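Remember, it's a predicted structure, so these values are computed and weren't measured experimentally. Order of the sequence lines sets the chain letters (A, B, ...), proteins ahead of strands, with each chain counted from 1.
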Amino acid sequence: MSVESIDPFGLPLTMNHWLMKSELDVYPYSQLVADGWTHWDGVRNYQARNMMRDAMKVGDLVLFYHSNTKPPHVAGVARVTREGYGDFTSWDASSKYFDEKSTADNPRWFMVDIEPVCELTMVPLQDMKDNPNLEGMPLLQRGQRLSVQPVTEEQFAEVLRMAGVDAADL
DNA sequence: GCCAACGTTGGC
DNA sequence: GCCAACGTTGGC
């Protein structure tokens with residue numbers, strides 16, 4: 001989930017890896033590529049919010065997962081380009097994500113910005129379940145529904161390996 | 001379409 | 001603070 005590395009100035013950096021779910025027919029990876037970047041609005045779950053607000057950092061890498069499709073699968077890699085900030089759809093009365101308790105001054109909900117890094121050959125959910133190297137990955141836990149999840153660096157690299165990509169080449 | 005697994009809501 | 005009812009997620 002978190003690996004220490006050293007930046008060119010000798011300071012310790014923390015690099016995190018994540019998985020974000022998107023329904024294929026709502027916002028596919030190809031749309032992220034077409035848009036160039038997007039804000040990840042509409043998350044209304046406190047655990048997911050806390051990760052976006054507190055833990056996701058610029059440069060963090062994200063597995064982009066397509067849910068509600070057959071088969072469900074990881075479709076690409078994205079990168080965080082802006083850290084947690086108030087989700088403006090939460091104080092937009094015309095938005096379906098409107099929450100009267102959230103304001104620009106005191107947001108209840110947060111989002112991050114992401115950009116595409118590389119599309120992957122589809123990595124199906126079942127293949128990940130069948131891979132013993134991914135044991136313990138949150139996505140594979142029974143009943144796990146969080147739309148934003150942490151992933152260890154090892155799990156991240158393994159999923160890329162399954163798609164024929166070396167994480168070190170990103 | 002089914003249903004398990006949760007999270008949220010609201011009465012008490 | 002408990003817990004039943006309800007809504008949502010998301011694989012199957």
Side-chain angles (χ1 to χ4, degrees), chain A residues 1 16-35 38-56 60-80 84-114 116-117 119-152 154-165:
Chain A
M1 188 175 318
N16 292 312
H17 298 80
W18 309 94
L19 178 143
M20 293 168 99
K21 296 181 186 173
S22 188
E23 294 183 39
L24 182 66
D25 57 358
V26 174
Y27 195 86
Y29 187 79
S30 59
Q31 190 64 49
L32 178 63
V33 172
D35 291 345
T38 196
H39 38 75
W40 206 253
D41 62 283
V43 173
R44 295 295 179 268
N45 171 281
Y46 286 103
Q47 275 183 273
R49 177 204 70 177
N50 292 348
M51 282 187 277
M52 292 201 291
R53 186 189 60 188
D54 306 330
M56 298 181 83
D60 284 359
L61 294 170
V62 177
L63 296 172
F64 195 106
Y65 177 82
H66 285 158
S67 64
N68 263 329
T69 185
K70 291 179 183 177
H73 60 274
V74 171
V77 178
R79 180 189 290 116
V80 176
Y85 61 106
D87 180 343
F88 53 77
T89 64
S90 68
W91 56 80
D92 173 1
S94 69
S95 169
K96 67 171 179 173
Y97 297 121
F98 177 66
D99 179 345
E100 60 180 6
K101 300 204 174 128
S102 186
T103 65
D105 286 342
N106 188 20
R108 171 178 288 202
W109 304 109
F110 285 75
M111 58 188 179
V112 297
D113 290 349
I114 62 172
V117 174
E119 188 170 9
L120 296 176
T121 305
M122 135 175 345
V123 182
L125 176 62
Q126 188 60 53
D127 290 2
M128 292 191 275
K129 286 182 173 175
D130 292 341
N131 185 341
N133 293 330
L134 294 180
E135 199 177 343
M137 186 173 172
L139 179 72
L140 310 180
Q141 303 300 308
R142 179 181 168 80
Q144 180 53 263
R145 300 180 310 163
L146 270 186
S147 60
V148 179
Q149 306 183 356
V151 173
T152 67
E154 292 74 18
Q155 291 160 355
F156 181 88
E158 182 67 17
V159 172
L160 263 61
R161 198 171 300 125
M162 293 171 75
V165 173

Sequence-distant partners of Lys101(A), side-chain contact (heavy atoms from CB on, under 4.5 Å), two or more places apart: Asp99(A), Arg108(A)
Rounded to the nearest 0.5 angstrom, the CD1-CH2 distance for Ile114(A) and Trp40(A) is 4.5 Å
Pull out every protein N or O sitting under 3.5 Å from an N or O of nucleotides 7-10 of chain C, one pair per line with the distance.
{"from": "dT8(C)", "atom 1": "O2", "to": "Arg145(A)", "atom 2": "NH1", "distance (Å)": "2.8"}
{"from": "dG10(C)", "atom 1": "OP1", "to": "Lys21(A)", "atom 2": "NZ", "distance (Å)": "2.9"}
{"from": "dG10(C)", "atom 1": "OP1", "to": "Arg145(A)", "atom 2": "O", "distance (Å)": "2.8"}

Parallel, tilted or perpendicular, judged at 30° and 60°: which one describes the rings of His73(A) and His66(A)? perpendicular
Quick one: sort the Phe88(A) and His39(A) rings into parallel, tilted or perpendicular, breaks at 30° and 60°. perpendicular
Atom pairs, N/O to N/O, protein against nucleotides 1-5 of chain C, distance under 3.5 Å?
none

Applying a 4.0 Å non-hydrogen cut-off, can you work out what Gln47(A) is touching in the nucleic acid: base, sugar-phosphate, or nothing? sugar-phosphate
In whole angstrom, what separates Gln126(A)'s CD from dG11(C)'s P? 12 Å
Taking every heavy atom of Leu140(A) against every heavy atom of Met128(A), the minimum-distance pair comes out as CD1-O, 3.5 Å
Value for CD (Gln126(A)) from CG (Asn131(A)), rounded to nearest 0.5 Å, stands at 11.5 Å
Take the protein atom CG of Leu139(A) and the nucleotide atom P of dC6(B), then report the distance between them rounded to whole Å. 14 Å
Examine the side chains of Arg44(A) and Thr89(A) and answer whether a donor and an acceptor come within less than 3.5 Å of each other. yes
Gap separating the CE atom of Met162(A) from the CG atom of Leu120(A), nearest 0.5 angstrom: 11.0 Å
Rounded to the nearest angstrom, tell me the gap between atom CD in Gln149(A) and atom P in dG11(C). 10 Å
